[in-house]
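Below is one structure; the comments refer to it alone.
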Amino acid sequence: PENAITIAIGCRQEIAKVSVHGEQIEGEKAWDAEIRRIEGFIAERGGLYPKKLIETFTALMQTHDMVVLGGRSGTGKTSFCQRYAEAIGADVTIVPVKPNWMSTEDLLGYFNPVNGTYVSTLFRDDLLQAAAHPEKMHLVVLDEMNIAIPEHYFADFLSRLEDRTVPEPEIVLPGIPPPQLREELR
């Protein structure tokens, strides 16, 4: 497509303190130092992105929300996410959206009643990995998400993420009991 959308979902990573050449710095100086470090890291690997993009993306990653990057195909949205994740030491998973995705099962998987197993997906597996290691930043990129209709396959996520009354929206993954049930099962 002429215009493509890439979505990045990351867990919170706050920049409160940064160590530069062994010296701990805080606040705005820490922010500026980290932005310069990320910018330099990406540039050393051939990525030339505006400093404002790096600043904005970094700020948005700290909101515990989705970040949507839009633009023409081939302009570097996915490679930016990959290089950014590498720069901050995050895990990154690129999930290529397929044009035939029609439901949540395409994103999260489904239970196969024939053999009694759950057929998972790359997206679901990465969310479970992120939940198991909350101390590490995880970036999940839905690449070319507009190839399919997001309201079909991403509806559960969109409705929960749009609800600003809940500070930390909870999305129950298929095959994983919700927290209250997990407590009761212990």
Side-chain angles (χ1 to χ4, degrees), residues 1-15 18 31-110 120-131 136-164 169 171 173:
E2 188 171 298
N3 286 311
I5 297 173
T6 296
I7 187 169
I9 305 169
C11 70
R12 184 172 309 166
Q13 177 163 352
E14 297 180 9
I15 301 173
V18 175
W31 172 265
D32 291 340
E34 183 62 0
I35 296 300
R36 281 193 309 274
R37 188 194 67 73
I38 293 168
E39 186 179 28
F41 184 95
I42 291 172
E44 285 174 6
R45 283 148 184 83
L48 297 173
Y49 299 97
K51 182 179 181 181
K52 190 70 176 164
L53 172 64
I54 296 168
E55 289 174 333
T56 303
F57 194 82
T58 301
L60 290 170
M61 281 286 102
Q62 294 181 63
T63 66
H64 207 185
D65 212 346
M66 307 186 281
V67 178
V68 178
L69 302 174
R72 294 173 107 39
S73 291
T75 55
K77 297 175 297 296
T78 302
S79 62
F80 171 77
C81 292
Q82 290 171 309
R83 287 180 173 133
Y84 183 90
E86 188 180 353
I88 65 169
D91 289 339
V92 64
T93 301
I94 308 299
V95 178
V97 173
K98 297 185 177 34
N100 62 340
W101 283 11
M102 294 299 295
S103 71
T104 304
E105 286 81 13
D106 294 311
L107 193 61
L108 296 175
Y110 60 92
S120 194
T121 65
L122 180 60
F123 182 80
R124 180 180 180 273
D125 293 345
D126 197 65
L127 292 182
L128 293 173
Q129 187 70 8
K136 181 156 176 102
M137 176 74 164
H138 294 263
L139 203 59
V140 181
V141 177
L142 296 178
D143 195 26
E144 306 289 346
M145 74 174 288
N146 60 319
I147 284 179
I149 300 170
E151 291 85 353
H152 290 177
Y153 68 89
F154 206 58
D156 293 345
F157 285 87
L158 289 173
S159 63
R160 287 192 179 76
L161 292 171
E162 289 171 352
D163 181 2
R164 299 296 181 193
I171 298 167
L173 298 178

Gap between atom [atom2] of [Y] and atom [atom1] of [X] - 0.5 Å precision:
X	Y	atom1	atom2	value
Leu127	Leu107	CG	CG	7.5 Å
Arg83	Leu48	CZ	CG	8.5 Å
Lys98	Asp143	NZ	CG	10.5 Å
Ile94	Thr78	CD1	OG1	5.5 Å
Ile54	Arg36	CD1	CZ	12.5 Å

Practice prompt. Without swapping roles, check the side chain of Lys77 against the backbone of Arg72 for a donor-acceptor pair under 3.5 Å.
Written response: yes

Worksheet item: Side chain of Tyr153, backbone of Met145: donor and acceptor closer than 3.5 Å?
Response: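 A pair under 3.5 Å: yes.
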
Within the 4.5 Å heavy-atom criterion, are [X] and [Y] side-chain neighbours or not?
X	Y	value
Trp101	Ile147	no
Phe57	Phe80	yes
Glu86	Val92	no

Heavy-atom closest pair, residues [X] and [Y]:
X	Y	answer
Val97	Glu144	CB-O, 3.8 Å
Cys81	Leu139	O-CD2, 3.6 Å
Asp106	Thr121	O-CG2, 3.9 Å
Pro99	Ala148	O-CB, 3.9 Å

Worksheet item: Thr93 and Asp125: side chain to side chain contact (heavy atoms under 4.5 Å, CB included), yes or no, with the steps?
Response: CA-CA 10 Å; Thr93 301; Asp125 293 345; over 6 Å; no

Discussion item. Salt bridge check, Lys136 against Asp91: does any charged N sit closer than 4.0 Å to a carboxylate O?
Written reply: yes

Worksheet item: Does a side-chain N-to-carboxylate-O contact under 4.0 Å join Glu34 and Arg37?
Response: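 Result for this pair is yes, salt bridge flagged.
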
Item to complete: Take Ile38 and Ile88, measure what side chain to side chain contact (heavy atoms under 4.5 Å, CB included) needs, and give me the verdict at the end.
Response: CA-CA 7 Å; Ile38 293 168; Ile88 65 169; 3.7 Å; yes

